[in-house]
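Position 1 is the first residue of the sequence; numbering continues from there.
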Amino acid sequence: MATSLITQIPIFVFSSQIGDIELSTDQDVIEITLEDGLTEIYRSKLYAFDGKVTIVNIGEVIEQYMRAQKQTFVAFTLYYNKADGTNISSFNINTLYCSLVLDAEAGVFGSFNFLSTLTAKRVPRDSTDYLWLFHGQGTGQVKAHCVFIDENGETANATVTLRSLVTDDIGVTRIVVNQALINTMLKRAWGAEISKLMSYTIEYNNRFMTYYVVDFMPDVSFTFKNCFNVDEIAYFNAITTTKTKVNRSTAVVGGRHLFYDQSVDKTYEVESAPLTSDEAYWVEQLLMSHSVRLNDSSLLDVIITDSTCEISDNDEQLNKVKFTWQFAMKTPHLMKSFREDTNGIFTEPYNQTFN
């Protein structure tokens, strides 16, 4: 009996779908190596039992490597050898990173979806977002199908081509969705001024993402690695409470009280405005992300230290998230406001609370 692969592995597989891999063999000992090109990332010797060997938890090894290398797609090769190092055979594990278990085959999902669990998002006016796509060889046009209010106050629609994309290999590509650019191209295509952009759907080769433009300035926003290990931006209309905790010890020296061993913990507690169920499930990825940055000019790393995400199918209950974050750098940061347009405590129009 020769050594052969028992476990069936799809041509493309999510990292979360890689379970134990089983081989049948007539060898007493099998040595396996997992490689990314010429880079060896894992090696182990396995002892056969009843003519079989099992490679356990190889998916965790793959995910840790892809996170460290900031990769979303890697074509791994797993070699299995005799005890003396003589190669028997090998097989490929074409892995698309995904930290969630999805009820879909990786190749099919990647062909009909951008690398996001959302198909529609609410975004503030003049915002920017990132879309990532998994692709093979080919060409295509990135189009924006726009709905807007024209110069006469009527609802109109038009389609503009943002860019042409040529891909020469299997991989992942980022598309920057810049609302200012869409507005500029839309005015040029329409041939007149437009009053307001209402929504736009980005299309590329059977993949669609719809953006609904809302007139609010986000209180806080984050760039984070989603479940596919690519950047997404989460905009929050939220209430943020800043808490500063000072820890220190006191000593009496020469009749004077002195502080020593002082440390400061500064945290920010966020409670979001109501979210749709899809948005709440998506925000879960922010709370579980291994890389989160404050989405401002500094893009400083932050950590989410505590969180609550309550999602209900009750029509009378709103979905909200609450979480606490702080800067990864220990030194306290001075942040006067998360809003750039804050002019005071009152809003326009003024809402009278008491009569």
Side-chain angles (χ1 to χ4, degrees), residues 114 116-131 142-151 153-160 162 175-187 190 193-203 208-224 226 231-240 268 270-287 292-297 309-311 315 317-323 337-351:
F114 292 105
S116 173
T117 57
L118 287 178
T119 56
K121 298 176 71 173
R122 290 183 295 172
V123 293
R125 193 164 301 282
D126 300 324
S127 61
T128 297
D129 196 33
Y130 305 124
L131 282 179
V142 181
K143 297 181 179 181
H145 305 281
C146 305
V147 177
F148 57 95
I149 305 299
D150 66 14
E151 69 277 13
E154 301 291 333
T155 301
N157 60 80
T159 298
V160 296
L162 302 181
I175 298 173
V176 178
V177 182
N178 185 285
Q179 207 173 120
L181 175 62
I182 292 174
N183 272 313
T184 299
M185 299 185 73
L186 183 58
K187 290 177 183 178
W190 187 247
E193 289 293 321
I194 64 172
S195 176
K196 181 183 290 188
L197 180 63
M198 303 299 293
S199 69
Y200 49 96
T201 298
I202 304 300
E203 176 194 2
F208 298 89
M209 175 67 80
T210 298
Y211 293 91
Y212 296 100
V213 183
V214 292
D215 288 310
F216 76 88
M217 178 67 69
D219 297 290
V220 64
S221 61
F222 300 93
T223 299
F224 69 100
N226 69 5
D231 286 338
E232 281 199 88
I233 300 177
Y235 296 97
F236 286 101
N237 193 1
I239 297 173
T240 298
Y268 304 88
V270 175
E271 180 176 352
S272 76
L275 304 170
T276 67
S277 295
D278 287 344
E279 287 173 329
Y281 282 117
W282 173 67
V283 169
E284 278 187 330
Q285 297 171 44
L286 165 68
L287 307 181
V292 183
R293 291 168 291 165
L294 186 65
N295 191 39
D296 61 4
S297 58
C309 184
E310 298 179 352
I311 306 172
D315 293 336
Q317 185 172 339
L318 300 176
N319 296 309
K320 294 184 178 181
V321 294
K322 300 177 183 178
F323 60 94
S337 174
F338 294 99
R339 290 182 179 269
E340 295 180 355
D341 63 343
T342 298
N343 295 314
I345 64 172
F346 298 110
T347 59
E348 180 64 35
Y350 171 70
N351 297 315

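Considering every non-hydrogen atom in both Leu118 and Met209, the closest pair reads O-CE, 3.0 Å. The shortest non-hydrogen separation linking Gln179 to Asp126 is OE1-N, 2.9 Å. The two residues Leu186 and Cys146 have their closest heavy-atom pair at CD2-CB, 3.9 Å. Minimum heavy-atom separation, Asn157 to Trp190: O-CZ3, 4.1 Å. Nearest heavy atoms, Cys309 versus Glu284: SG-CG, 3.7 Å. Here the closest non-hydrogen pair linking Ser195 and Asp150 is CB-O, 3.4 Å.
With no hydrogens or angles considered, a side-chain donor-acceptor pair links Ser116 and Glu232 at under 3.5 Å. Counting only N and O atoms by type, the side chains of Asp231 and Thr223 include no donor and acceptor under 3.5 Å apart. A side-chain donor from one of Gln285 and Thr117 sits under 3.5 Å from a side-chain acceptor of the other.
Ser272 places a side-chain N or O within 3.5 Å of a backbone atom of Val321 that can act as its donor or acceptor partner. The backbone N or O of Ala238 sits less than 3.5 Å from a side-chain atom of Asp219, completing a donor-acceptor pair. The closest donor-acceptor contact from the side chain of Arg125 to the backbone of Leu197 lies under 3.5 Å.
Less than 6.0 angstrom separates the ring centroid of Phe236 from the ring centroid of Phe323.
A distance of 9.5 Å separates CG in Asn319 from CD in Glu279, rounded to the nearest 0.5 Å. Note that OG1 of Thr159 and NE2 of His145 are 5.0 Å apart. Values are rounded to the nearest 0.5 Å. To the nearest 0.5 angstrom, Asp129 atom CG is 10.5 Å from Asn178 atom CG. In this structure, OG1 on Thr276 lies 11.5 Å from CG on Leu318, to the nearest 0.5 angstrom.
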Test side chain to side chain contact (heavy atoms under 4.5 Å, CB included) applied to Val123 and Tyr200, step by step:
CA-CA 11 Å; Val123 293; Tyr200 49 96; 3.9 Å; yes
Any chance you could lay out the side chain to side chain contact (heavy atoms under 4.5 Å, CB included) test for Thr210 and Glu203, step after step, and finish with the verdict?
CA-CA 9 Å; Thr210 298; Glu203 176 194 2; over 6 Å; no
Determine whether Trp282 and Phe224 satisfy the following criterion, ring pair (Phe, Tyr, Trp, His ring centres under 6.0 Å), listing intermediate values before the conclusion.
CA-CA 11 Å; Trp282 173 67; Phe224 69 100; 5.7 Å; yes
The test is side chain to side chain contact (heavy atoms under 4.5 Å, CB included); show your working for Ile182 and Val177 and say whether it passes.
CA-CA 8 Å; Ile182 292 174; Val177 182; 4.0 Å; yes
In sequence, state the C-alpha distance, the side-chain angles, and the governing distance for Tyr235 and Asn295, and then conclude on side chain to side chain contact (heavy atoms under 4.5 Å, CB included).
CA-CA 9 Å; Tyr235 296 97; Asn295 191 39; 4.2 Å; yes
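When each of Asn226, Ile233, Val292 is tested with Leu286 by the rule side chain to side chain contact (heavy atoms under 4.5 Å, CB included), just one qualifies, namely Val292.
A heavy-atom distance below 4.5 Å is found between the side chains of Phe114 and Ile175. Using a 4.5 Å heavy-atom threshold, the side chains of Lys143 and Val160 count as separate.
Counting non-hydrogen atoms of other residues, nucleotides and ligands closer than 6.0 Å to CE of Met185 gives a total above 12. Surrounding CZ of Phe208 are more than 12 heavy atoms belonging to other residues, nucleotides or ligands, all under 6.0 Å away. More than 12 non-hydrogen atoms from other residues, nucleotides or ligands lie less than 6.0 angstrom from CD1 of Ile149.
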